[in-house]
S.K.: 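Right, I'll just put the structure down here and ask away after.
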Amino acid sequence: MQRIGVFVCWCGSNIAGTVDVEAVSEALKSEPGVVFSTNYQYMCSQAGQDIIKNAIAEHKLTGIVVCSCSPRMHEATFRKTAAAAGLNPYMVEIANIREQCSWIHKDMATGTEKAIILGKAAVAKVNLNAPLTPGESPVTKRALVIGGGIAGIQTALDIADAGFPVDIVETKPTIGGKMAQLDKTFPTLDCAACILTPKMVDVAQHENIRIFSYSEVVEVGGFVGNFDVKIKKKARYVKEDVCTGCGICTEKCPMKKAPNEFNMGMDNRPAVYIPFAQAVPKVATIDPNYCNMLKNGKCGLCAKVCTAGAIDYTQKDEIIEEKYGAIVAATGFNPISMDKFDEYAYNQSKDVITSLEFERLTNAAGPTAGKLLRPSDGEHPHTIVFVQCVGSRCAACAEKGKEYCSKICCMYTAKHAMLTRDKYPDTDVYVFYIDVRTPGKSFDEFYRRAVEEYGVHYIKGMVGKVSPEGNKLMVQASDLLANKQLHIEADLVVLAAAIEPDKSARPLATMLTASMDTNDFFTEAHPKLRPVESPTAGVFLSGTCQGPKDIPETVSQASAAAAKVIGLLAKDKLTGNPCVAHSDELMCNGCSSCERVCPYGAITYVDKEFRMPDRTTAIRRVASVNTAVCQGCGACTVACPSGAMDLNGFKNAQIMAEVDAICK
Amino acid sequence: MKVAYFPGCTLKTKAKELDAYARKCAETLGITLEEIENWQCCGGVFTTARDEAATKLSSVRALKAAGNANQMLVTVCSACHNVIKQTNHAMNTDEEFAFKVNNYLGKGEEYDGSTKVMHYLELLRDVVGYDKVKEAVKKPLAGKKVAAYYGCLLLRPNSVMHTDDPENPTLIEDLIRALGGEPVVYSMRNECCGGYIALENPDSAKKRSNKVTDSAALAGADMIVTACPLCKFNLETNGSKLPIVYFTDLMAEAFDLKED
Amino acid sequence: MHKDNNAVRDEIIRRSGVNPRKCMRCGKCSATCPAYDEMEFHPHQFVYMVESGDIEPLMNSKSLYQCLTCFACVDRCPRGVEPAKLVEAVRLEVIRKQGANHLKADDIPALVTEELPQQAIVSAFRKYTK
């Protein structure tokens with residue numbers, strides 16, 4: 001028989017306002033096993049915890065029930081309290097009489113009645129609790145960062161600087177991501193390349209960092225501290241360790257019609273290419289979709305001109321297997337397709353472009369060498385219309401676009417408008433906005449400068465239709481403050497396209513068993529208090545794969561994710577969760593139902609020898625749980641038809657005892 | 001193949017040639033348009049109000065008649081098509097509305113919303129296929145630069161019509177190509193001609209129509225094709241420099257069905 | 001807000017099936033409206049004024065008869081508000097009253113021309129008359 005102590009918390013007036021705490025502690029006194037019951041204003045305070053510790057010692061308690069807030073809030077606190085008093089921490093049960101009781105009831109009588117029932121259920125469970133001891137597992141002291149944009153770069157550098165080896169996996173031939181495509185960065189207008197490329201070089205030269213470029217993660221197994229990952233290094237048909245990045249092959253390649261991804265397809269690149277001058281690694285890649293040698297064996301020029309002998313047309317995809325202690329998702333974003341918004345004529349005119357295309361048009365390394373020229377005819381545009389919120393803030397019922405605010409568009413549009421007016425004062429620049437959202441350090445000041453110093457015309461309204469007529473773009477728009485419809489004859493229209501997570505994020509989340517929201521952004525473990533951790537242990541989030549954010553915010557989050565990874569890798573051993581499943585082998589009939597439902601792959605089947613009557617033995621197939629992988633979700637216990645599967649700390653008998661106590 | 005056919009008021013009066021060539025061209029392509037018996041005027045324009053039941057009864061009766069014959073319901077006039085398709089959508093999505101409408105129809109005559117509604121142009125694309133249209137061409141429209149005019153009714157509201165990309169459609173352009181002509185894409189092809197405002201405020205219709213015809217002319221078109229008699233009227237009477245013809249006219253010409 | 005205004009507003013919302021609260025005041029409806037310049041109250045104002053119950057000015061406005069029902073505002077609204085349906089609902093509020101028809105049969109002979117298709121007359125009647 002247990003000796004149980006009950007501790008009812010007032011939580012100030014949070015609980016005591018709707019629950020008669022005195023009545024609760026009094027009612028629970030007479031429950032089976034209860035030898036002590038009390039209540040206190042703040043049970044989680046030092047004084048409250050002392051009450052618990054003293055009671056454990058004084059009354060020789062073998063189990064305790066704390067009637068308080070959600071176990072998500074203070075279960076860990078009270079388990080520590082119990083442990084400090086010499087009680088096994090798994091002999092603690094929390095009855096949630098705040099979130100699930102006092103906060104949702106208005107009437108004291110109803111609230112009190114429910115609190116007593118919840119308390120009784122917890123007491124019934126503790127009566128069947130047994131001390132549990134968590135297992136330990138070792139930690140592989142290496143981190144994997146998936147994505148080599150500014151988020152992945154910052155996370156990798158911080159982890160590597162702390163002394164742990166890091167691998168970056170990047171699908172493109174170079175790291176650098178979207179930031180490498182930008183011209184200037186708001187609100188300080190530093191040149192993006194000037195602040196990014198030194199970091200890229202740091203990554204390349206860091207003794208603790210390996211870069212797997214032109215590669216992707218294809219399989220993830222294992223668990224926190226012990227992930228087994230398969231990485232596919234796609235054949236680039238160039239020996240990475242031999243290529244010097246001299247670029248002769250790219251100059252001599254006769255096939256120069258491949259769309260240049262780095263310039264958003266606004267110009268072409270050769271079939272063998274280095275995406276941009278500061279690429280890391282500075283190694284050529286052959287695009288098999290355009291290379292004549294790879295397509296029909298007719299060419300081979302690059303191999304002939306390569307003095308290093310780096311070209312290898314026979315190269316194959318390669319699978320690398322590696323172990324990691326922690327994984328960071330940093331898969332980034334892309335602008336959405338403009339296909340569903342063709343009232344802006346993106347698909348009908350070359351002079352309607354997205355903001356990321358505008359970046360390339362103003363970038364010295366871009367298709368126009370930094371001169372702002374119209375894609376259609378290479379003329380300098382004199383009237384430019386910027387449209388905000390294209391595809392952002394759309395209602396779900398509109399069946400196009402995204403419901404969220406993309407967050408970065410107001411600021412980059414202000415930047416584009418300001419820089420255009422600065423460099424080309426003869427240009428008329430209009431920005432159509434719904435709201436100008438500039439919460440950030442020096443952000444609103446920046447936007448105001450665009451208006452006040454640079455004379456950008458900000459118009460509260462929206463563009464309804466862009467009509468390409470001859471070499472002009474007729475922009476029909478509303479000016480809501482003047483209550484007018486405007487017709488602007490523009491030369492260039494720039495759409496602030498909403499951003500969305502990279503398409504690789506969804507399959508990656510499946511491999512990582514990490515959760516995502518409906519927009520395919522990774523979900524954080526807690527939106528406020530654990531913003532860089534995934535709910536899946538050992539998986540961390542960096543940058544825009546978690547939600548829209550600008551560069552300063554991305555870098556902060558990237559470093560925060562690194563800090564969490566370092567904290568994990570610094571440990572030699574990880575304490576597991578003892579509330580894991582286990583199978584009663586005598587009852588197991590080997591049906592595989594549990595194995596099929598286990599989301600973590602924690603269950604395998606083994607053939608085991610069993611002693612049978614009359615000194616015979618028999619081989620039977622039974623379930624075996626890898627306790628290091630099991631997350632204690634309990635799906636197997638529900639699926640098991642013979643009742644062999646049970647969950648420590650949540651045994652079927654315990655759950656039934658709780659139900660009985662509630663229904664009594 | 002036989003389909004139920006709803007010609008509509010204007011095809012029986014001011015736009016008889018639209019009706020005649022639609023039938024002839026369909027026959028050439030192996031499709032018979034079977035005119036619904038005792039059809040009534042669709043009303044010309046869909047009333048979006050949910051409590052407007054009586055004004056939609058003629059459409060529902062046409063839908064029911066087609067359904068009884070186990071046929072899809074085909075229209076040539078964009079306006080009829082829009083009204084009937086929107087009515088069908090309301091019957092399928094607005095239970096309260098459908099209940100009221102069915103109470104008008106009498107016992108055993110309820111309409112269950114199952115009839116498929118197609119515009120003649122969709123029939124060409126989705127049932128006949130442009131390849132088959134191409135085969136039927138005897139006199140290709142070689143060298144003819146043709147601007148397709150969709151107006152609003154063929155495409156909008158897109159959530160109901162689902163005809164094509166409402167902002168960058170290719171339905172008629174693809175037909176022009178199949179007939180051997182050269183489609184001219186211009187920006188105002190999915191903007192309104194003014195529609196029924198022509199009756200009360202002809203100036204407003206003129207402004208709308210001129211925008212459309214100017215845009216097509218600037219894009220280098222020789223002619224404009226449309227599926228709607230009111231569109232044709234508005235574009236024509238407001239001083240278009242380009243001839244406005246029905247798409248069925250083009251087809252008849254290419255199929256060599258014209259007697260002149 | 002007057003209580004009667006609330007009742008009219010609720011009726012218009014019910015009849016149109018439009019929820020004006022979904023509007024984020026971007027003004028795309030008025031940006032895309034081909035009849036904008038013919039209107040005293042513009043599509044975005046219809047949405048806002050219906051939401052706030054300020055419906056009488058709309059009922060007295062000629063704007064009700066300038067909407068072309070082209071559904072451009074319906075299709076292009078990023079919030080799925082469907083302003084044209086509100087215009088229709090307010091118009092019905094007016095013309096359903098006895099003697100309030102905007103177009104009368106007697107007006108027709110003066111308005112029609114030889115070429116005008118039947119469709120135009122039928123449509124105008126449906127929109128302007130009960």
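Below, chain A is the first sequence line, B the second, and so on; all start at residue 1. Side chains included, hydrogens not; waters and symmetry mates left out as well; all remaining heavy atoms used. Keep in mind the model is a prediction, meaning the values are calculated, not measured.
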S.K.: Could you look at Lys207(B) and say if it's the side chain, the backbone, both or neither that has a heavy atom under 4.5 Å from chain C?
M.R.: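 For Lys207(B), the contact with chain C is made by the side chain alone.
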S.K.: Is it the case that Thr48(B) and Glu88(C) place a side-chain donor and acceptor less than 3.5 Å from each other?
M.R.: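 Per modelled atom types, Thr48(B) and Glu88(C) side chains form a pair under 3.5 Å.
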S.K.: Using non-hydrogen atoms and a 4.5 Å limit, figure out which bit of Leu92(C) sits close to chain B: side chain, backbone, both or neither.
M.R.: side chain
S.K.: Please examine the side chains of Asn158(B) and Val74(C), heavy atoms only from C-beta on, and report whether any two atoms are closer than 4.5 Å.
M.R.: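 No, too far: nothing below the 4.5 Å cut-off.
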S.K.: Is a side-chain N or O of Gln119(C) found less than 3.5 angstrom from the main chain of Leu230(B), in a donor-acceptor match?
M.R.: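 Checking the backbone N and O of Leu230(B) against the side chain of Gln119(C), a donor-acceptor pair under 3.5 Å is found.
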S.K.: Among Gly43(B), Cys228(B), Ala79(B), which residue has the highest count of heavy-atom pairs closer than 4.5 Å to chain C?
M.R.: Gly43(B)
S.K.: Does anything in residues 63-73 of chain C get under 4.5 Å of chain B by heavy atoms, and if so which residues?
M.R.: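 Within residues 63-73 of chain C, the residues under 4.5 Å from chain B are Tyr65(C), Gln66(C), Cys67(C), Leu68(C), Thr69(C), Cys70(C), Phe71(C), Ala72(C).
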S.K.: Please classify the contact of Cys80(B) with chain C as side chain, backbone, both or neither, using a heavy-atom distance under 4.5 Å.
M.R.: neither
S.K.: Report yes if the side chains of Arg96(C) and Asp51(B) come closer than 4.5 Å at any heavy-atom pair, otherwise no.
M.R.: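 Yes, side chains in contact.
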S.K.: Would you mind reporting whether Ile197(B) and Glu38(C) have side-chain heavy atoms less than 4.5 Å apart?
M.R.: no
S.K.: Heavy-atom distance under 4.5 Å to chain B: side chain of Ile108(C), backbone, both or neither?
M.R.: side chain
S.K.: If I measure from the heavy atoms of chain C, does Glu167(B) come under 4.5 Å with its side chain, its backbone, both, or neither?
M.R.: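 For Glu167(B), side-chain heavy atoms alone lie under 4.5 Å from chain C.
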S.K.: Could you look at Asn201(B) and say if it's the side chain, the backbone, both or neither that has a heavy atom under 4.5 Å from chain C?
M.R.: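 Contact with chain C: side chain only.
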S.K.: Pick one of side chain, backbone, both or neither for Asp203(B), based on which atoms fall under 4.5 Å of a heavy atom in chain C.
M.R.: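 Neither the backbone nor the side chain of Asp203(B) comes within 4.5 Å of chain C.
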S.K.: If we define contacts as heavy-atom pairs under 4.5 Å, which of Lys211(B), Lys232(B), Lys12(B), Gln86(B) has the most with chain C?
M.R.: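 With the most close heavy-atom pairs to chain C, the winner is Gln86(B).
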S.K.: Can you say whether Glu115(C) sits under 4.5 Å from chain B via the side chain, the backbone, both, or neither, judging by heavy atoms?
M.R.: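 Backbone plus side chain of Glu115(C), per the 4.5 Å heavy-atom cut-off to chain B.
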S.K.: If I measure from the heavy atoms of chain C, does Pro166(B) come under 4.5 Å with its side chain, its backbone, both, or neither?
M.R.: side chain
S.K.: Which answer fits Lys130(C), side chain, backbone, both or neither, if we ask what part of it has an atom under 4.5 Å from a heavy atom of chain B?
M.R.: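 Side chain only.
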S.K.: So which atom in Pro34(C) and which in Cys192(B) form the shortest heavy-atom distance, rounded to 0.1 Å?
M.R.: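 Looking at all heavy atoms of both residues, the shortest contact is CG-CB, 4.3 Å.
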S.K.: Quick one: does any side-chain atom of Lys14(B) pair with a main-chain N or O of Glu114(C) as donor and acceptor, under 3.5 Å?
M.R.: yes
S.K.: May I ask you to say whether Arg76(C) pairs ionically with Glu191(B), meaning some side-chain N is under 4.0 Å from a carboxylate O?
M.R.: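 Yes, Arg76(C) and Glu191(B) are salt-bridged.
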S.K.: Go through the structure and list residues passing side chain to side chain donor-acceptor pair (under 3.5 Å) with Thr55(B), not counting sequence neighbours.
M.R.: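 Thr55(B) satisfies side chain to side chain donor-acceptor pair (under 3.5 Å) with Glu52(B) only.
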S.K.: Is it the backbone or the side chain of Phe125(C) that comes under 4.5 Å from a heavy atom of chain B, or both, or neither?
M.R.: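 Neither part.
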S.K.: Can you tell me if Asp75(C) uses its side chain to pair, donor with acceptor, with the backbone of Arg156(B) under 3.5 Å?
M.R.: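 No; judged by distance alone, with no hydrogens or angles, the pair does not exist.
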S.K.: If you apply the rule side-chain hydrogen bond (donor to acceptor under 3.5 Å, both in side chains), what do you find for Gln118(C) with Thr10(B), and how did you get there?
M.R.: CA-CA 6 Å; Gln118(C) 279 68 10; Thr10(B) 311; 4.6 Å; no
S.K.: Is there a side-chain contact between Arg126(C) and Phe46(B) in this structure, where contact means two heavy atoms from C-beta onward sitting under 4.5 Å apart?
M.R.: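 Side-chain contact under 4.5 Å: no.
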S.K.: What part of Ala89(C) is in contact with chain B, defined as an atom under 4.5 angstrom from a non-hydrogen atom: side chain, backbone, both or neither?
M.R.: neither
